[in-house]
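The next block holds one structure in the form of structure tokens; read it before the comments.
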2 protein chains.
Amino acid sequence: MAGEDRAEGSEKSGHLDFPRPLTTVDVVIFSIRDDRLQVLLVQRPAGEGEPFPLTLALPGGFVDVAKDRDLAACAARKLKEKTGVTSPYLEQLGSWGSASRDPRGWSATHAYFALIPEEAGVLTSDARWFPIRDGRLKEKLAFDHGDILASAIQRLRNKVEYTSLPAYLMPPEFTLPDLQRVYERVLDRPLEKSAFRTRILSADMIEPVAKMRRGPNRPAQLYRLKKNSEPVYFVRTFNPPE
Amino acid sequence: MAGEDRAEGSEKSGHLDFPRPLTTVDVVIFSIRDDRLQVLLVQRPAGEGEPFPLTLALPGGFVDVAKDRDLAACAARKLKEKTGVTSPYLEQLGSWGSASRDPRGWSATHAYFALIPEEAGVLTSDARWFPIRDGRLKEKLAFDHGDILASAIQRLRNKVEYTSLPAYLMPPEFTLPDLQRVYERVLDRPLEKSAFRTRILSADMIEPVAKMRRGPNRPAQLYRLKKNSEPVYFVRTFNPPE
DNA sequence: CTAAGTAAGTTGGACTGTACAACTAACTGT
DNA sequence: ACAGTTAGTTGTACAGTCCAACTTACTTAG
């Protein structure tokens with residue numbers, strides 16, 4: 001930051017009394033629920049002077065310079081406050097800043113996206129899950145949160161093509177068909193069973209546990225994520241449609 | 001942004017008089033010069049109260065809420081001020097914010113990265129090119145700019161594996177061996193000639209011009225980028241060296 | 001005029017991994 | 001026993017890379 005070469009406009013080198021943008025952090029929290037990709041949203045407060053009262057929005061809020069050591073900690077704090085989840089997959093998505101996105105003035109938000117398993121998540125009362133259908137959300141959101149969410153969905157889909165990210169949406173133990181189904185729910189298209197198995201198994205990211213999932217048909221091997229939780233990058237995408 | 005659900009710490013809902021972080025934009029500007037990947041750096045000013053006086057840093061500075069409509073415009077402005085380039089490849093890299101990265105207080109920077117051709121770039125006197133060797137810069141940088149640059153290099157390398165990004169480093173007309181050489185300079189490893197040609201030509205991103213590059217040996221076909229300047233994404237990476 | 005040198009561009013066989021589809025395996029319920 | 005269902009395997013076709021040898025088109029030295 002701060003490579004201000006000489007005073008520009010209201011920037012007086014050495015003085016810091018020029019106007020500063022509002023600074024916030026927002027979190028796009030994804031999960032698979034009811035066999036669908038869903039996103040966690042909150043309702044804007046209705047108080048005096050609040051922008052977008054009662055409109056749906058991403059969970060987030062102002063950076064607290066006293067409480068938050070850095071941006072990632074701020075995002076983790078907001079995620080925890082809403083869901084109780086403490087160690088999710090949390091990745092920075094980007095930032096959005098402009099004079100017009102918030103009626104209260106020039107503002108910039110740092111957006112993160114998180115993936116959490118279905119079981120995790122004891123929600124606070126003001127947060128609710130909303131399904132992503134046909135790659136987008138039906139509801140309108142406050143601020144430019146619709147743009148941010150669209151960007152998050154696109155990023156998630158892109159990365160799911162060539163990474164192991166969906167593993168972070170899984171419960172501790174799962175079968176290969178379970179995992180494939182999650183890939184398919186996120187990508188919204190079917191994948192080849194044999195190619196999928198080959199790819200995942202040769203990626204050395206999961207290991208079998210000594211149990212089978214039993215059901216009304218042939219039992220399936222249960223797996224869990226290996227210790228090192230870094231996502232795996234494949235050298236090919238799944239063959240794209242068309 | 002701004003999903004502050006109720007007052008937290010110094011956040012008083014409806015009031016905006018709590019402390020705000022400093023907000024800056026920094027730009028990592030890459031180019032190929034002298035057959036090497038290089039990055040544009042400036043020297044920090046030496047004035048009273050300036051952090052990291054005379055240290056090398058990324059070009060950047062405070063967001064000017066009066067002058068800059070949004071973050072991308074601010075980044076484009078800083079790029080133009082330093083290089084004169086107006087329509088480069090400009091992509092958001094991420095943001096870095098913490099209590100400790102700037103001695104003047106809690107600060108957050110929005111980092112961008114730009115790719116410009118060798119010819120472009122009439123530099124201002126305070127900016128200079130520095131080579132990236134072995135995937136990193138030898139010099140130490142101010143603030144956390146070393147981290148930001150490392151992140152930019154990694155992102156560039158990752159994307160070069162499976163996109164047409166290096167096309168934005170090329171002059172208006174170039175040969176396929178020219179382009180391959182730029183890929184190789186960024187990735188710092190040799191690529192297969194025949195596979196490279198097959199991939200690039202089938203991507204429908206360049207078109208031949210009715211000219212050949214002549215030299216001391218067999219002439220090479222000249223190409224130019226096609227009109228639509230969106231980067232192309234390949235479904236495979238170049239096979240990695242593992 | 002020819003021969004050596006060099007870089008551009010092509011060709012072919014081995015290999016890897018996906019696409020597609022048919023197959024076998026293991027269980028439940030009737 | 002047998003139909004139904006899902007798990008998991010196998011085999012052929014194909015696409016694209018890897019590797020290496022090859023042809024092509026030019027310059028320059030002798």
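Worth knowing before you read on, the calculation uses all heavy atoms, side chains too, and leaves out hydrogens, waters and symmetry mates. Being a predicted model, the structure only gives us computed values, none of them experimental. First the proteins, then the strands, lettered A, B, ... as listed; each starts at 1.
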- [ ] Take the protein atom CG of A/L191 and the nucleotide atom P of C/dT18, then report the distance between them rounded to whole Å.
- [x] 11 Å
Open item on the list: Which residues pass the side-chain contact (heavy atoms from CB on, under 4.5 Å) test with A/A167, not counting sequence neighbours?
Closed with: A/M205, A/L225
Task: OP1 or OP2 of D/dG16 under 4.0 Å from side-chain N/O of B/R199 - done: no
Task: Nearest-Å distance for atom pair CZ/C1', residues B/R189 and D/dC18 - done: 12 Å
- [ ] Provide, to the nearest angstrom, the distance between the CZ atom belonging to B/F238 and the P atom belonging to D/dC18.
- [x] 8 Å
- [ ] Classify the angle between the aromatic ring planes of A/F30 and A/F113 as parallel (below 30°), tilted (30 to 60°) or perpendicular (above 60°).
- [x] perpendicular
TODO: Would you kindly give the CZ-to-C1' distance between B/F234 and C/dG17, to the nearest whole Å?
DONE: 19 Å
Open item on the list: Within this structure, what is the OG-CD1 distance for the pair B/S164 and B/I200, rounded to the nearest 0.5 Å?
Closed with: 7.5 Å
TODO: Look at B/R236 and D/dT17 and indicate whether a side-chain polar atom (N or O) is within less than 4.0 Å of OP1 or OP2.
DONE: no
Task: Strand contacts (DNA chain D) in residues 164-174 of chain A, 4.0 angstrom heavy-atom criterion - done: none
Task: Contact pattern, 5' to 3', of nucleotides 2-11 of chain C - B, S or - by protein heavy atom under 4.0 Å - done: ---BBBBBBB
Open item on the list: Are the side chains of A/T109 and A/H145 in contact, using a 4.5 Å heavy-atom criterion?
Closed with: no
- [ ] Measure from NZ or CZ of A/R199 to the centre of the six-membered ring of A/F238 and say whether it is under 6.0 Å with the direction within 45° of the ring axis.
- [x] yes
TODO: Walk me through it: do B/F196 and B/Y183 pass the test ring pair (Phe, Tyr, Trp, His ring centres under 6.0 Å)?
DONE: CA-CA 10 Å; B/F196 182 81; B/Y183 270 86; 5.2 Å; yes
Open item on the list: Looking at A/E91 and A/R155, is there a salt bridge between them, counting it only when a charged N and a carboxylate O are closer than 4.0 Å?
Closed with: yes
Task: Heavy-atom closest contact (A/Y168 atom, A/P231 atom, distance) - done: OH-N, 3.1 Å
Open item on the list: Whole angstroms only, please: what is the CD-C1' distance between A/E192 and D/dT9?
Closed with: 14 Å
